[in-house]
Amino acid sequence: MQESNYLQALCAGDSKLIRGIYQQYAAQIQRWVLSNNGSSDDAQDLFQESLIAIYDRYCGAAPMNYAFGALLFTICKRKWYDQIKEKNRESVVRKIEEDRYQSDHVLLVDADAALSEQKKQAVLDKTFLQLSAQCQQLLDLLSKGSSNEEMAQQLGLANANAVYQSKHRCMSRWKELYTQLAEQE
Amino acid sequence: MENQTETIDKFLRGELSAEEKAAFETQLASDTALAEELALQQDMERFLSKRAQRSALQGQLTQMGPEFFQTAPLQIASRQTPVWRWAVGIAATVLLLVFAARWVFQPSLYSQFAQHPQLALVEKSASASKSTAELEQIFNNGDYQRALPLLQVYTAQHPADAQGKLYLGICFLEEKKYTEARQIFGALQQDASASIADFATWYLALTALREGDKAAARELLKKIGPESEFSEKAGDLVKRLK
């Protein structure tokens, strides 16, 4: 499979093709993590989270400037260094500097952008789950394109106008929760 | 923030009049806070449109990963001096104590996963009474014993409100009245709303978990499909149940 198809496969959730991504890169990343004080389980988690970071940043959003494999590997490295930085500060900082020197600047910028997008999505996810079940259900239905009348019926609300009011209350509450948490992190 | 949310929403949907739109764009050019809020609202909408698929992708990756990552064999030193053996013995004892302490002090698997959504009955109704607001507060403070009879009254008065029933089920579960909890969640599994049915299956699994029936919990968790918003949590819990 061509590298350019990997992103498409990921965005479409095509299991067969995603398996191809694992076949192509899993062993390489596992070897790298094992040689950097990590375990196979660490490598597996890292690989999965890095694929999600690519999904967050590039599916339905920004165009990808770089080859899939190079970007995936760079994100894995950045993530792993972040995780072990606390334990092993000096040698990690040295490795990051070496990396910065050896790697392409655009690639690092892309990897960092994907990681920060993933962090944003995590905060959105966390705060969405702090909303009431009613709000979660309403926003879910809304994203699926249900009409206000259908939603009123499903949610036990009086009418379409009540759905409209509830929607804005839920969005405002979500924004507040998001802003509070984003400031803390 | 609420009025702003409404204007931004109208702007994004192209529902502002030409005059309102021009005024909004002028304000946008000079008001950084408004521009940031607009960007956040766009992010929120994008998040919502990708949420179900993202969660499904996470489920797929969790299932696929173990096939491609092998656990490295443990490396055991072949020769150990008696001093080493002592050291290893002591280290093992310390480790054992640490794990024992963690086991004793760690919250149960149930309490790690039983994070209930906030009750919001007032949000739903324009004419919510004071007692409904009190009920919300009691439930959200975690006082399930007091919330239970109040929710029984509420659900009797609002028999069509599936959400109310769901929260009543949660109270029964928290009060360890498993039969009643199972009865409510079981009925809600058949609800027309996929989201309510999903909540119900997840809570049936939590009921089984709290009763100590891990096999039943596992079976129920398997019913939660990759498209469900609980798929990631369900995958995590299945792993922890092994």
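Quick note on labels: first sequence line is chain A, next is B, and so on, each numbered from 1. Since the model is a prediction, treat every value here as computed from it, not as a measurement.
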With a 4.5 angstrom heavy-atom cut-off, which part of [X] approaches chain A: side chain, backbone, both or neither?
X        : result
B/Asn140 : neither
B/Glu67  : side chain
B/Gln53  : both
B/Thr62  : both

What option among [options] has the most heavy-atom pairs under 4.5 Å with chain B?
options                                : result
A/Cys11, A/Cys59, A/Ala27              : A/Cys59
A/Leu139, A/Asp125, A/Leu10            : A/Asp125
A/Gln130, A/Lys144, A/Gln154, A/Lys120 : A/Lys120

- Message: Can you tell me which portion of A/Ser15 sits under 4.5 Å from chain B's heavy atoms? Options are side chain, backbone, both or neither.
- Response: both

- Query: With only heavy atoms counted, which part of A/Ala12 is less than 4.5 Å from chain B, the side chain, the backbone, both or neither?
  - Reply: backbone

- Item | Backbone N/O of A/His168 and side chain of A/Ser172: donor-acceptor pair under 3.5 Å | yes

- Query: Sub-3.5 Å donor-acceptor pair from the side chain of B/Lys165 to the main-chain atoms of B/Pro159, do we have one?
  - Reply: yes

- Item | B/Arg46 and B/Asp43 ion-paired at < 4.0 Å |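 Yes, this pair counts.
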
- Sidechain N-carboxylate O distance under 4.0 Å for B/Asp9, B/Arg13: yes

- Query: Under 30°, 30 to 60°, or over 60°: which ring-plane class applies to B/Tyr144 and B/His116, parallel, tilted or perpendicular?
  - Reply: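 The rings of B/Tyr144 and B/His116 stand perpendicular, inter-plane angle above 60°.
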
- Where does the angle between the aromatic ring planes of B/Phe230 and B/Trp202 fall among parallel (under 30°), tilted (30 to 60°) and perpendicular (over 60°)? parallel

- Would a 4.5 Å heavy-atom cut-off, applied to side chains only, mark B/Leu34 and B/Phe24 as touching?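 B/Leu34 vs B/Phe24: side chains touch.
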
- Heavy-atom pair count under 4.5 Å with chain A, highest-scoring of B/His158, B/Glu45, B/Gln58: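 Option with the greatest count: B/Gln58.
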
